Amino acid sequence: MSLQDTLSNYVKQAVNADFNINLETVEFQATRKEFAGDITVVIFPMLRFIKGNPVQIGETIGSYLVNNVTEVKSFNVVKGFLNVEISDAYYLNFFNGIKNDSAFGFVSPKADEKAVMVEYSSPNTNKPLHLGHVRNNLLGYSVAEILKASGKKVYKTQIINDRGIHICKSMLAWEKFGSGETPESTGLKGDKLVGNYYVKFDQEYKKEIQNLIAAGSTEEDAKKNAPLLLEAQNMLLKWEAGDKDTVALWTKMNGWVYDGFAESYKNLGVDFDTLYYESNTYLLGKEFVAEGLKSGVFVKEEDGSVWCDLTEDGLDKKIVLRADGTAVYMTQDIGTAIQRIKDYPDVGGMVYTVGNEQDYHFQVLFLILKKLGFDWAKNLYHLSYGMVDLPSGKMKSREGTVVDADDLIDDMAATAEEISEELGKLDGYSTQEKKELYKTIGLGALKYYILKVDPKKRILFDPKESIDFQGNTGPFIQYTYARIQSILRKGNLNPDVAINATQTALHPKEKELIKQIQLFPEVIQNAANNHSPALIANYTYDLVKEFNSFYQNVSILGADNDTEKMLRVQLSQVVANTIKNSFSLLGVHVPERM
RNA sequence: GGGCUCUUAGCUCAGCUGGAUAGAGCACCUCCCUUCUAAGGAGGCGGUCACAGGUUCGAAUCCUGUAGGGCUCACCA
């Protein structure tokens, strides 16, 4: 039983004994720094049941606690707040109990519980990844890891958007203007090469539009009738008809892109358990549209298009199949969801990591799946996140105003190198070791910068102002970890020596640290429930701040006696381990030195 | 126009299901390396929590309205 539960019971007992009233709940909060005590009972809510002066009630309950609960050392009452001080022995017992648990806070998956599928990344295969995708990937990966740590079995997946008119555009441009260029011949990453032709298409298309307008066409007509667009549309038809050459070109160019993506994913440190391709699942959705027509969930219009009427649910009518019978986005998403549950029967819910511009889409998708009668539809969650904007506004691939993912990662590592070189603490590290360290630090800065912000909020990224390495940053936390490693190398840690709980007095800084460590399991559950890596990041930052204050104010290796020293070294070790574990949930590595 | 969402210090962000004098980092100003890594620590400056009402013992937090920003309402994805 947790301390809070124990106290809660005793508070209820006290109220029953002294006021003859049965309380339903007791409200707690951490005691604020400026007051003595560790945990605070808020008296105000009790006033609805107990008539009286809150200070007196607090005094009465406080006395009861001191007399009846061994863990309670003393108390004080300020206004309606009963501040309770907990004995050092309690914290030391707790610490002795968890200090050798290298996975403290993590819950192993239960066999009988349903798994969760987390979808993230899901890029189009016609342009390289940019900062927006980076946020998506980091969020999805981190939430998946957090869910795992909270006790869920998790599958990571993505839907690869590999078909459609936009893909044909880059194919066509490459065919017309590419003169046989390949990643090998140019030395370009495959996704970059293909992305260039997507841009090229747009440029040439715009030229054609201008020419048509000059020749007397209206802008609207010009946009519709530009020869390049017609060719691209024709190419899509050929692709859908299975034309050999078109499919071969499609396969080749997508292959380039996948190779490029694989490299970026590796750079970012994200991974997937299973992949879905839109070209494989888009037909599937149609089957279920037919089913839904039979069961009356959908309605067919005179022109042949199929709709779902959601007006009774406060939404609009939504198209699920075009008049010509081809699939729309919604059709595919219906099919993909169903396919996934078929493939993984142990999955009981899914998380979709997709930007908040698609809030409405997912609201509709989930509702349709419910209407189709799938019971797992109630466990679908849209992990909706805010856009990453530049000071100039939105990032647009076709206009070249994007922050490229690979470049950004390289830049971060370069900054880490500059700072490290300047500080010069890496004597004895090989060039290779240094290079890896710079990447660890650079990625740490980038990932933490993005993940510490509430997913729902939009991020403004100014490429001119580089990401910080000081203060509330990834490198600051990594630095603390490295510092502790240095102590552990010198400290002769013996993790098995138990600290005598009843005969050891805790330094206030030590107690604060143990209290902070104690929060970790709850933070993981909270982060999982809220799908928020930011909660993990903020927790870690608080822990690290607490440790640095301890480190600066208390001598660890120079402690007065061996017990004291052992406690402090062990405590440092547990803090380091917690940093390592919490950072692993963010996908950030920690260095031995820096 | 309808729907969703956001607005907290000069800047970037915390603030758990309503609770004590709203907290961090950056920036700016002081101090602290003959002691375990100064990417650090101790302190200072800085706020009408967009605005106006309401709910109650108590509101940054809940409700309503106003202003400003974002997203969305496609046989695009």
Side-chain angles (χ1 to χ4, degrees), chain A residues 25 27 29-35 40 42-45 47-48 54 78-81 83 122 124 161 164-166 278 301 303-307 314-316 318-330 332-333 355-361 363-364 384 386-387 389 394 416 419-420 422-423 425 441 445 449 452-454 456-460 462 465 467-480 482-491 522-523 526 530 534-535 537-538 541-542 544-545 547-559 568-569 572 593-594:
Chain A
T25 54
E27 195 175 319
Q29 65 188 46
T31 304
R32 296 180 64 116
K33 283 252 161 65
E34 57 266 39
F35 301 102
T40 295
V42 188
I43 302 298
F44 295 111
L47 296 179
R48 294 175 55 188
V78 182
K79 295 190 218 171
F81 299 92
N83 301 319
S122 305
N124 288 342
N161 198 308
I165 188 73
H166 50 290
E278 197 184 293
E301 294 288 312
D303 64 359
S305 59
V306 179
W307 296 75
L315 303 174
D316 296 328
K318 194 76 189 175
I319 188 158
V320 291
L321 207 61
R322 291 191 189 104
D324 63 3
T326 55
V328 292
Y329 186 38
M330 191 60 76
Q332 296 154 183
D333 273 7
N356 64 10
E357 57 200 347
Q358 296 193 37
D359 284 354
Y360 185 71
H361 172 79
Q363 209 183 334
V364 170
S384 163
M387 297 288 101
D389 290 328
K394 243 186 142 166
I419 295 172
S420 297
E422 210 173 294
L423 296 173
K425 297 185 200 171
I441 299 171
Y449 175 82
K452 77 171 179 184
V453 182
D454 185 323
K456 289 190 189 67
K457 296 199 174 178
R458 80 184 189 119
I459 291 181
L460 188 72
D462 190 344
E465 287 177 34
I467 293 173
D468 255 313
F469 283 64
Q470 276 165 11
N472 187 357
T473 67
F476 164 68
I477 292 165
Q478 290 172 319
Y479 173 71
T480 303
R483 241 181 179 180
I484 295 174
Q485 296 316 302
S486 171
I487 289 173
L488 297 180
R489 283 192 289 269
K490 298 171 186 168
E522 188 185 323
V523 169
N526 207 359
N530 290 294
L535 297 178
N538 289 331
Y541 177 62
D542 288 340
V544 162
K545 250 196 325 183
F547 180 83
N548 279 328
S549 178
F550 163 73
Y551 175 93
Q552 211 84 217
N553 288 289
V554 176
S555 181
I556 297 166
L557 299 179
R568 289 176 186 172
V569 173
S572 303
R593 287 174 58 183
M594 71 184 271

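It should be emphasised that the depicted structure is a prediction, and the values quoted were computed from it without experimental measurement. A, B, ... follow the sequence lines: proteins, then strands. Residue 1 opens every chain.
The same atom, P, is picked in B:U21 and in B:A67; the two are 34 Å apart, to the nearest Å. Using atom C1' as the reference point in both B:C62 and B:G70, the two lie 24 Å apart (nearest Å). As rounded to the nearest Å, B:C6 and B:C16 have P atoms that lie 14 Å from one another. B:C76 and B:G65 have their P atoms separated by 36 Å, given to the nearest Å. Taking atom P on both nucleotides, B:G54 is separated from B:U61 by 14 Å, rounded to a whole Å. Spacing of P atoms, B:C11 relative to B:U17, comes out at 27 Å, to the nearest Å. Using P as the reference atom, B:C45 and B:C36 are 32 Å apart when rounded to the nearest Å. For B:G15 and B:A38, the P atoms lie 31 Å apart once the distance is rounded to whole Å.
Residues forming a ring-ring contact (aromatic ring centres under 6.0 Å, His included) with A:Y360 (at least two apart in sequence, or on another chain): none. When the salt bridge (Lys or Arg N to Asp or Glu O under 4.0 Å) test is applied to A:R483, no partner is found at least two apart in sequence or on another chain. For A:Y449, there are no ring-ring contact (aromatic ring centres under 6.0 Å, His included) partners two or more places apart in sequence or in a different chain. Taking A:H166 as the reference, nothing meets the ring-ring contact (aromatic ring centres under 6.0 Å, His included) condition, with sequence neighbours excluded.
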Going 5' to 3' through nucleotides 31-37 of chain B, assign each nucleotide B (protein heavy atom under 4.0 Å from a base atom), S (under 4.0 Å only from sugar-phosphate atoms) or - (no protein heavy atom that close).
-----BB
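Within 4.0 Å (heavy atoms only), A:Q478 reaches no atom of the nucleic acid at all. Backbone-only engagement by A:E278 is indicated by non-hydrogen atom pairs under 4.0 Å involving sugar-phosphate atoms exclusively. Among the protein residues, A:D454 comes within range of the sugar-phosphate backbone only, with heavy atoms under 4.0 Å from sugar or phosphate atoms but none that close to a base. Nucleic acid contact for A:F476: sugar-phosphate only, since backbone atoms but no base atoms lie under 4.0 Å from a heavy atom of the residue. Looking at heavy-atom distances under 4.0 Å, A:N83 makes contact with a base. Among the heavy atoms of the strands, none lies under 4.0 Å from A:S572. Backbone-only contact: A:N161 has heavy atoms under 4.0 Å from sugar-phosphate atoms and none from a base. Within 4.0 Å of A:P45, counting heavy atoms only, lies at least one base atom of the nucleic acid.
A:S384 and A:D359 share a side-chain donor-acceptor pair at under 3.5 Å.
Side-chain nitrogen and oxygen atoms of A:R458 include none within less than 4.0 Å of the OP1 or OP2 phosphate oxygen of B:G70. Listed pair A:R48 / B:G58 fails the phosphate criterion, with no side-chain N or O lying under 4.0 Å from OP1 or OP2. For A:S549, a side-chain nitrogen or oxygen approaches OP1 or OP2 of B:A42 to under 4.0 Å.
Residue-to-nucleotide proximity on RNA chain B shows that, of A:A323 and A:S420, the 5′-proximal contact is made by A:S420. Two residues, A:V42 and A:I319, neighbour RNA chain B, and the one matched to the more 5' nucleotide by heavy-atom proximity is A:V42.
In this entry B:G58 has no Watson-Crick or G-U wobble partner, no candidate having both defining distances under 3.5 Å. In this entry B:A20 has no Watson-Crick or G-U wobble partner, no candidate having both defining distances under 3.5 Å. If you check B:G65 for Watson-Crick or wobble pairing at under 3.5 angstrom, you find it paired to B:C51. Shown here, B:C28 forms a base pair with B:G44; the pair counts as Watson-Crick or G-U wobble because both key distances fall under 3.5 Å. The nucleotide B:C71 finds its pairing partner in B:G3, both defining distances of the Watson-Crick or G-U wobble pair being shorter than 3.5 Å.
Environment of CD in A:E34: crowded, with over 12 heavy atoms of neighbouring residues, nucleotides or ligands closer than 6.0 Å. The 12-atom threshold is not exceeded at CD of A:E522, counting heavy atoms of other residues, nucleotides or ligands nearer than 6.0 Å.
Ring centroid separation for the pair A:F550 and A:F547 comes in under the 6.0 Å cut-off.
Residue A:Q470 places its side chain closer to B:G40 than to any other of B:G40, B:G41, B:A20. Nearest nucleotide to the A:R32 side chain, out of B:A14, B:A39, B:U21: B:U21. When the nucleotides B:A20, B:A77, B:G41 are ranked by their closest atom to the side chain of A:R322, B:A77 comes out on top. Distances from the side chain of A:E357 to the nucleotides B:U72, B:A77, B:A20 place B:U72 closest.
Using a 4.5 Å heavy-atom cutoff, the side chains of A:V306 and A:E301 are not in contact.
Rounded to the nearest 0.5 angstrom, A:M594 CE and A:T480 OG1 are separated by 8.5 Å.
Straight-line distance from the CE atom of A:M330 to the C1' atom of B:C76: 12 Å, rounded to whole Å. Look at CD on A:E27: it is 8 Å from C1' on B:G18, rounded to the nearest Å.
In this structure, B:C33 is classed as syn because its glycosidic torsion stays within 90° of zero.
Judged by distance alone, with hydrogens and angles left aside, A:T480 brings no side-chain donor or acceptor close enough to the base of B:A39 to form a pair under 3.5 Å. No hydrogens or angles were tested; on distance alone, nothing pairs the side chain of A:Q332 with the base of B:A77 as donor and acceptor under 3.5 Å.
A distance-only check finds no donor-acceptor pair linking the side chain of A:R322 to the backbone of A:V328 [under 3.5 Å].
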Could you write out each protein N or O paired with an N or O of nucleotides 2-12 of chain B at a distance under 3.5 Å?
from	atom 1	to	atom 2	distance (Å)
B:U7	OP1	A:K457	NZ	3.4

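Between A:F81 and A:F44, the ring planes lie perpendicular to each other; the angle is over 60°, past the 30° to 60° tilted range.
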Between A:Y479 and A:F469, does the side chain to side chain contact (heavy atoms under 4.5 Å, CB included) criterion hold? Intermediate values first, please.
CA-CA 10 Å; A:Y479 173 71; A:F469 283 64; over 6 Å; no
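Stacking between A:Y541 and the base of B:A24 is absent under the criterion of ring centres within 5.5 Å and planes under 30 degrees.
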